[in-house]
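To keep things clear, I will list the structure first and then write my remarks on it.
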Amino acid sequence: GTCTATSDQSVCIPCKTSCQSGYYLSGTCSGSSASDTVSCAMCSDCQAGSYKSSTCNGTTTFDSTSCSACKDCNAGEYKQGLCSGTTETDTVACSACQTCAQGQYNGGSECTGTGTSDTVTCSQCRSECPANQYLSGKCVGNETSDVT
């Protein structure tokens with residue numbers, strides 16, 4: 001604790017022993033100081049693309065933040081939500097990209113699972129040809145160009 005002299009007597013006051021969640025105790029309390037030398041220091045954030053899987057509970061004497069990578073999405077999905085490194089939960093949700101119907105093709109780009117928006121753009125395949133020509137091929141919806 002800390003001791004302060006008042007008149008002819010000393011009064012000892014306990015030093016800080018806890019902080020609010022998200023902070024840790026910084027400094028030491030030797031008992032020889034005239035003031036509380038322990039302070040609360042903010043725990044660190046994680047890098048973008050990860051979240052705080054554990055963080056300081058206010059009673060540790062060091063930054064005990066642990067970071068975990070946010071979820072990856074599969075091909076055919078895109079990420080919704082940001083993973084900024086400041087939250088204590090994985091805030092990324094995976095949403096399905098649209099699928100093109102028979103008679104259409106994807107005129108956009110493949111949905112690889114790493115993007116943050118649906119990049120599929122369904123476009124109509126050719127359905128007829130000029131006189132004296134015929135359609136060769138069939139668009140079933142999973143092509144990236146008109147194959148007719």
Side-chain angles (χ1 to χ4, degrees), residues 1-2 4 12-148:
T2 60
T4 55
C12 293
I13 303 167
C15 290
K16 187 181 306 298
T17 58
S18 66
C19 301
Q20 68 185 32
S21 182
Y23 289 79
Y24 65 95
L25 296 163
S26 178
T28 57
C29 188
S30 65
S32 61
S33 176
S35 63
D36 189 348
T37 55
V38 176
S39 62
C40 293
M42 185 181 281
C43 298
S44 59
D45 286 332
C46 298
Q47 292 181 344
S50 59
Y51 67 97
K52 297 177 188 180
S53 50
S54 69
T55 189
C56 306
N57 63 8
T59 61
T60 59
T61 56
F62 58 93
D63 185 347
S64 60
T65 301
S66 294
C67 303
S68 295
C70 291
K71 75 176 61 123
D72 289 324
C73 296
N74 297 316
E77 297 177 326
Y78 64 97
K79 294 180 179 185
Q80 283 191 309
L82 297 175
C83 196
S84 64
T86 61
T87 61
E88 293 182 22
T89 56
D90 186 346
T91 55
V92 171
C94 297
S95 295
C97 295
Q98 66 179 320
T99 54
C100 298
Q102 186 168 338
Q104 296 179 324
Y105 67 96
N106 178 7
S109 60
E110 293 293 321
C111 226
T112 62
T114 59
T116 56
S117 64
D118 186 345
T119 54
V120 173
T121 304
C122 296
S123 301
Q124 285 300 127
C125 294
R126 187 175 318 132
S127 60
E128 59 183 54
C129 295
N132 298 320
Q133 295 181 356
Y134 65 95
L135 287 173
S136 174
K138 182 178 182 181
C139 281
V140 294
N142 61 356
E143 297 87 2
T144 55
S145 63
D146 188 346
V147 295
T148 56

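The residues of the chain are indexed from 1 along the displayed sequence. Not measured: the values here are computed from a predicted model.
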Cut-off 3.5 Å, no hydrogens considered: what does the side-chain donor-acceptor table look like for residues 75-84, sequence neighbours left out?
from: Glu77; atom 1: OE1; to: Asn74; atom 2: N; distance (Å): 2.9
from: Gln80; atom 1: OE1; to: Ser95; atom 2: OG; distance (Å): 2.6
from: Ser84; atom 1: OG; to: Thr86; atom 2: N; distance (Å): 3.4
from: Ser84; atom 1: OG; to: Thr86; atom 2: OG1; distance (Å): 2.8

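- The shortest side-chain heavy-atom distance between Gln104 and Ser123 does not fall under the 4.5 Å cut-off.
- Within the 3.5 Å criterion, the main-chain N or O of Thr121 finds a donor-acceptor partner in the side chain of Asn106.
- The nearest pair of heavy atoms linking Asn57 to Thr59 is OD1-OG1, 2.7 Å.
- Applying the side-chain contact (heavy atoms from CB on, under 4.5 Å) test to Thr114 and every residue at least two apart in sequence or in another chain returns Thr112.
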(message) Could you go through Ser50 and Ser68, starting from their C-alpha distance and side-chain angles, then the distance that decides it, and tell me whether this counts as side-chain contact (heavy atoms from CB on, under 4.5 Å)?
(response) CA-CA 5 Å; Ser50 59; Ser68 295; 5.9 Å; no
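- Here the side chain of Ser117 pairs no donor or acceptor atom with the backbone of Thr119 at under 3.5 angstrom.
- In this structure, Leu25 and Cys19 approach most closely via the heavy-atom pair CD2-SG, 3.4 Å.
- Listed by first and then second residue, the salt bridge (charged side-chain N to carboxylate O under 4.0 Å, His left out) pairs involving residues 40-61 are Asp45-Lys52 (not counting sequence neighbours).
- Of all heavy-atom pairs spanning Gly113 and Cys73, the tightest one is O-CB, 3.3 Å.
- In this structure the side chain of Val120 reaches within 4.5 angstrom of the side chain of Cys100, judged on heavy atoms.
- Formation of a donor-acceptor pair under 3.5 Å by the Asp118 side chain with backbone atoms of Cys97 is not found in this model.
- The two residues Cys46 and Ser66 make their nearest non-hydrogen contact at SG-O, 4.2 Å.
- At distances below 3.5 Å, not a single donor-acceptor pair connects side-chain atoms of Glu88 with backbone N or O atoms of Thr55.
- In plain terms, the two heavy atoms of Cys29 and Thr37 that are nearest each other are CA-OG1, 4.1 Å.
- Among residues two or more places apart in sequence or in another chain, the disulfide (SG to SG under 2.5 Å) test is passed with Cys129 by none.
- Side-chain N or O atoms of Ser33 include one that pairs as donor or acceptor with a backbone N or O of Ser35 at under 3.5 Å.
- Remark: Glu128 CD is loosely packed, at most 12 non-hydrogen atoms of other residues, nucleotides or ligands lying under 6.0 Å away.
- By the side-chain contact (heavy atoms from CB on, under 4.5 Å) test, Ser44 pairs with Asp63, Thr65, sequence neighbours left out.
- Between the side chain of Thr89 and the backbone N or O of Thr91, no donor-acceptor pair lies under 3.5 Å.
- The closest side-chain donor-acceptor pair between Ser32 and Ser30 falls under 3.5 angstrom.
- Closest non-hydrogen pair, Val92 versus Cys70, comes out as CG2-CB, 4.1 Å.
- The side-chain hydrogen bond (donor to acceptor under 3.5 Å, both in side chains) pairs that include a residue from residues 15-25 number zero, where partners must be two or more places apart or lie in different chains.
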- Evaluation steps, side-chain contact (heavy atoms from CB on, under 4.5 Å), between Cys122 and Tyr105: CA-CA 6 Å; Cys122 296; Tyr105 67 96; over 6 Å; no
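- You'll find the side chain of Ser64 reaches within 4.5 Å of the side chain of Cys56, heavy atoms only.
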